[in-house]
Amino acid sequence: MQRGTTHYAAPPWDGDVARARALQVELAAQVRLVDEHPPLPYVAGVDVGFEEDGAVTRAAAVLLDAQTMEPQAEVIARLPTRMPYIPGLLSFRELPAVLQALEQLPRTPDLVFVDGHGVAHPRGLGIAAHLGVVTGLPAIGVAKSILVGTHDAVGTRRGDRVPLMHQGRTIGWVLRSKDRIRPLIVSPGHRVSMETAPALVLAYCTRYRLPEPTRLADRLASRRGRDIKSRAP
DNA sequence: GCGACAG
DNA sequence: ATCTTGTCGC
């Protein structure tokens with residue numbers, strides 16, 4: 001960590017699925033779906049990839065100027081993978097590495113775009129909501145497919161959207177970020193309202209399906225982009 | 001009991 | 001998520 005004072009507590013994992021789910025319910029109660037993000041000087045995008053056949057979890061975080069969307073910093077954190085992928089418990093597997101990457105950024109972002117769901121989760125605590133609650137930072141979840149919920153047909157043009165419903169509640173949106181391209185599943189994670197989340201995501205979608213913060217982090221996390229700057233002694 | 005199931 | 005070339009389309 002280079003910022004020194006910031007150290008986020010990673011979620012615990014002892015193999016007890018029931019305990020993890022109980023913790024999710026507790027943390028979900030702390031989620032605030034109201035707009036509390038400041039005028040955005042800086043935004044960040046985070047995503048995770050794997051190396052060594054899954055033995056190593058690699059998280060990437062990219063800091064961008066909120067206005068120009070120009071990348072200000074790109075960092076990578078590597079940690080040994082300590083649990084398998086379990087639907088509904090993704091954050092317990094990926095958040096530890098993501099938090100370390102966030103700590104390596106030269107400054108704290110005012111909003112974080114996370115690859116995965118926000119409150120559009122069985123217990124209301126997708127990885128974006130989990131990240132938001134443990135860091136206190138405003139966060140939005142941007143997923144490529146649905147984990148839970150149903151929805152009506154969505155228009156085919158950029159900006160078209162329909163609510164993602166679950167147990168009679170709107171838990172997110174199915175948002176068309178690009179004409180004719182498979183829609184994104186957007187849900188607020190923390191300190192962002194259900195109404196604002198899709199507007200912010202759309203504002204950061206330029207010529208690609210994914211919003212810039214997430215797209216850049218995605219490129220760094222997976223092994224594409226010709227391994228720009230990594231290596232950690 | 002039988003599927004579904006973010007990444 | 002990851003294993004993988006070329007190919008169809010804006």
Side-chain angles (χ1 to χ4, degrees), chain A residues 10-11 13 17-18 20-21 24 27-28 31 45-61 76-99 101 112-133 139-151 156-158 164-167 171-190 197-198 201 205-211 213-227:
Chain A
W13 174 248
V17 174
R21 292 206 243 246
Q24 291 185 314
L27 296 177
V31 168
V46 297
D47 189 27
V48 170
F50 296 88
E51 303 176 346
E52 307 302 322
D53 245 314
V56 174
T57 299
R58 161 171 160 160
I76 290 177
R78 290 187 178 76
L79 283 180
T81 304
R82 28 178 298 182
M83 82 171 269
Y85 165 66
I86 299 175
L89 294 184
L90 176 69
S91 62
F92 286 76
R93 170 176 161 89
E94 304 188 345
L95 206 46
V98 170
L99 295 177
V112 184
F113 287 83
V114 186
D115 192 291
H117 295 289
V119 298
H121 174 280
R123 288 166 294 284
L125 197 84
I127 188 169
H130 197 155
L131 179 153
V133 169
I140 295 178
V142 181
K144 295 178 284 299
S145 64
I146 295 173
L147 172 59
V148 66
T150 59
H151 65 87
T156 62
R157 303 263 295 165
R158 168 189 160 87
L164 176 63
M165 308 293 292
H166 182 54
Q167 301 181 336
I171 60 173
W173 304 88
V174 178
L175 172 69
R176 192 80 67 178
S177 59
K178 195 171 186 287
D179 288 4
R180 295 281 181 172
I181 296 302
R182 187 150 62 96
L184 296 177
I185 312 304
V186 177
S187 62
H190 187 52
V201 170
C205 285
T206 57
R207 58 182 305 200
Y208 304 95
R209 177 161 90 121
L210 299 178
T214 291
R215 190 180 73 79
L216 295 177
D218 198 80
R219 214 158 55 62
L220 254 192
S222 39
R223 60 179 181 179
R224 280 169 282 171
R226 280 308 147 209
D227 273 46

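Below, read A as the first sequence line, B as the second, and so on, with proteins coming before strands; counting in each chain starts at 1.
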Decide yes or no for A:Leu220 and A:Asp47: does some side-chain heavy atom of the first lie under 4.5 Å from some side-chain heavy atom of the second?
-> no

Do any pairs count as a side-chain hydrogen bond (donor to acceptor under 3.5 Å, both in side chains) and have a residue in residues 114-124 of chain A, sequence neighbours left out, and if so which ones?
-> A:Gln24-A:Arg123, A:Asp115-A:Lys144

Take the protein atom CD1 of A:Ile181 and the nucleotide atom C1' of C:dC8, then report the distance between them rounded to whole Å.
-> 12 Å

Look at the side-chain N and O atoms of A:Ser222 and state whether any lies under 4.0 Å from the OP1 or OP2 oxygen of C:dA1.
-> no

Canonical and wobble pairing (Watson-Crick, G-U, under 3.5 Å) of DNA chain C, dot-bracket with | = ..........

Side chain of A:Leu147 (C-beta onward), nearest among B:dC5, C:dA1, C:dT2 | B:dC5

Rounded to whole Å, the CH2-P distance (A:Trp173 to B:dA6) equals 22 Å

Have a look at A:Ile185 and say if it touches a base, only the backbone sugar-phosphate, or nothing, with a 4.0 Å heavy-atom cut-off.
-> nothing

A:Tyr208 has an atom OH; how far is it from atom P of C:dC10, in whole Å?
-> 17 Å

Can you tell me the distance, in whole Å, between the CZ atom of A:Arg21 and the P atom of B:dC5?
-> 16 Å

Taken to the nearest whole Å, CD/A:Gln24 to C1'/B:dC5 is 14 Å

Side-chain heavy atoms of A:Ser91 within contact of A:Leu131, under 4.5 Å | no

Is there a side-chain polar atom (N or O) of A:Lys144 under 4.0 Å from OP1 or OP2 of B:dG7?
-> yes

Determine the contact category for A:Gly49: base if any of its heavy atoms lies under 4.0 Å from a base atom, sugar-phosphate if only primed atoms, P, OP1 or OP2 are that close, otherwise nothing.
-> sugar-phosphate

For the residue pair A:Leu184 and A:Pro211, establish whether any side-chain heavy-atom pair is separated by less than 4.5 Å.
-> yes

Just call it for A:Asp53: base, sugar-phosphate, or nothing, with non-hydrogen atoms closer than 4.0 Å on any strand.
-> nothing

With a non-hydrogen cut-off below 4.0 angstrom, is A:Leu89 in contact with a base, only sugar-phosphate, or nothing?
-> base

Indicate yes or no: at least one non-hydrogen side-chain atom of A:Leu147 is less than 4.5 angstrom from one of A:Leu90.
-> no

Just checking A:Gly88: base, sugar-phosphate only, or nothing, at a heavy-atom cut-off of under 4.0 Å?
-> base

d(CD, A:Glu51; P, B:dG7) in whole Å = 20 Å

Name the nucleic acid region contacted by A:Tyr85, choosing base, sugar-phosphate or nothing; use a 4.0 angstrom heavy-atom cut-off, strictly under.
-> base

To the nearest angstrom, the CG-P distance between A:Leu90 and C:dT2 comes to 13 Å

For the residue pair A:Ile185 and A:Val174, establish whether any side-chain heavy-atom pair is separated by less than 4.5 Å.
-> yes

Could you give the CZ-to-P distance, from A:Arg207 to C:dC10, as a whole number of Å?
-> 15 Å

side-chain contact (heavy atoms from CB on, under 4.5 Å) against A:Ala20, all qualifying residues, sequence neighbours excluded | A:Trp13, A:Leu89, A:Phe92

